[in-house]
Amino acid sequence: MPETTPPQAFSAVTRTVVQDVTVSPAKPTDRIQTRRITMPAGTPAGLHTHNGPVVGSIVSGSVAYRIDGEPLITLRPGDVFFEPESTRIAQFDALDEDVVFLAHFLLSADQEPAIEWPAD
């Protein structure tokens, strides 16, 4: 594709990498489903796993987030997160206010997003 000159206003656009993760194992992805999810203040998600990788971003509110075996972090508006397929998410708990976040589910051809709550 030949290079073209962008419009003058476009030269003021900036790009910042906020997340760069490896999807391992590699996931054949035929589509991405994005959901806007709302959690009332104080709602814990509980220990859970997903059947595929999830990439998300916090729109409003804040979440206590911890992948099993890793340190607890607080996610705030604008923060992004990655939940690898079948990885135990120990916490994704809404804090003092309602939380809205976007979750992007990487899916194979006939797959739908699913969440499981392990017994332990």
Of all the heavy-atom pairs spanning Pro44 and Asp93, show the shortest one and how long it is. CA-OD1, 3.3 Å
Taking transitive links into account, so neighbours of neighbours count too, which hydrophobic residues share a cluster with Leu72 at under 4.5 Å side-chain distance? none
The side chain to side chain donor-acceptor pair (under 3.5 Å) partners of Gln111 (sequence neighbours excluded) come to Lys27, Ser108
Single-linkage hydrophobic cluster, 4.5 Å side-chain cutoff, Val80 and Val63 together: no
Distance from Asp96 atom CG to Ser62 atom OG, nearest 0.5 Å? 6.5 Å
Can you name the nearest heavy-atom pair linking Ala94 to Pro40, along with the distance? CB-O, 3.4 Å
The remaining residues in the hydrophobic cluster of Val59, counting side-chain heavy-atom contacts under 4.5 Å among Ile, Leu, Val, Met, Phe, Trp and Tyr, are Val100, Leu102
CZ of Phe92 to CG of Leu47, rounded to nearest 0.5 Å, is 14.5 Å
Should Leu95 and Ile67 be counted in the same cluster of Ile, Leu, Val, Met, Phe, Trp and Tyr side chains packed under 4.5 Å apart? no
Check: Asn51 side chain, Pro113 main-chain N or O, donor-acceptor pair, under 3.5 Å: no
Whether over 12 other heavy atoms sit under 6.0 Å from Asp30 CG: yes
Tell me whether Val99 shares a hydrophobic cluster with Ile73, the cluster being built from Ile, Leu, Val, Met, Phe, Trp, Tyr side chains joined at under 4.5 Å. yes
What's the separation between atom OG1 in Thr38 and atom CG in Asp98, rounded to the nearest 0.5 Å? 8.0 Å
Applying salt bridge (Lys or Arg N to Asp or Glu O under 4.0 Å) as the test, list every pair that has at least one member in residues 103-113; sequence neighbours left out. Arg31-Glu112
Would a 4.5 Å heavy-atom cut-off, applied to side chains only, mark Thr74 and Arg76 as touching? yes
Under the criterion side chain to side chain contact (heavy atoms under 4.5 Å, CB included), I'd like the reasoning laid out for His48 against Glu83: C-alpha separation, chi angles, the key distance, then a yes or no. CA-CA 10 Å; His48 67 279; Glu83 297 183 359; 3.7 Å; yes
For the atom pair NE2 (His50) and CD1 (Ile89), what is the distance rounded to the nearest 0.5 Å? 6.5 Å
Look at the side-chain heavy atoms of Ile, Leu, Val, Met, Phe, Trp and Tyr, link any pair under 4.5 Å apart, and say whether Val21 and Leu75 land in one connected group. no
Roughly how far, to the nearest 0.5 Å, is the OG atom of Ser60 from the CD atom of Glu97? 7.0 Å
Treating Trp117 as the side-chain partner and Thr49 as the backbone partner, does any N or O pair qualify as donor plus acceptor under 3.5 Å? no
Please report the C-alpha distance between Gln91 and Tyr65 in whole Å, then the side-chain angles of each, then the deciding distance to 0.1 Å, and finally whether the side chain to side chain contact (heavy atoms under 4.5 Å, CB included) criterion is met. CA-CA 5 Å; Gln91 285 180 268; Tyr65 175 67; over 6 Å; no
Sequence neighbours excluded - salt bridge (Lys or Arg N to Asp or Glu O under 4.0 Å) pairs with any residue from residues 43-52: none
Salt bridge (Lys or Arg N to Asp or Glu O under 4.0 Å) against Asp68, all qualifying residues, sequence neighbours excluded: Arg88
Establish, yes or no, whether the cationic atom of Arg36 lies under 6.0 Å from the six-membered ring centre of Phe101 and within 45° of the ring axis. no
What distance separates Ile115 CD1 from Phe105 CZ, expressed to the nearest 0.5 Å? 7.5 Å
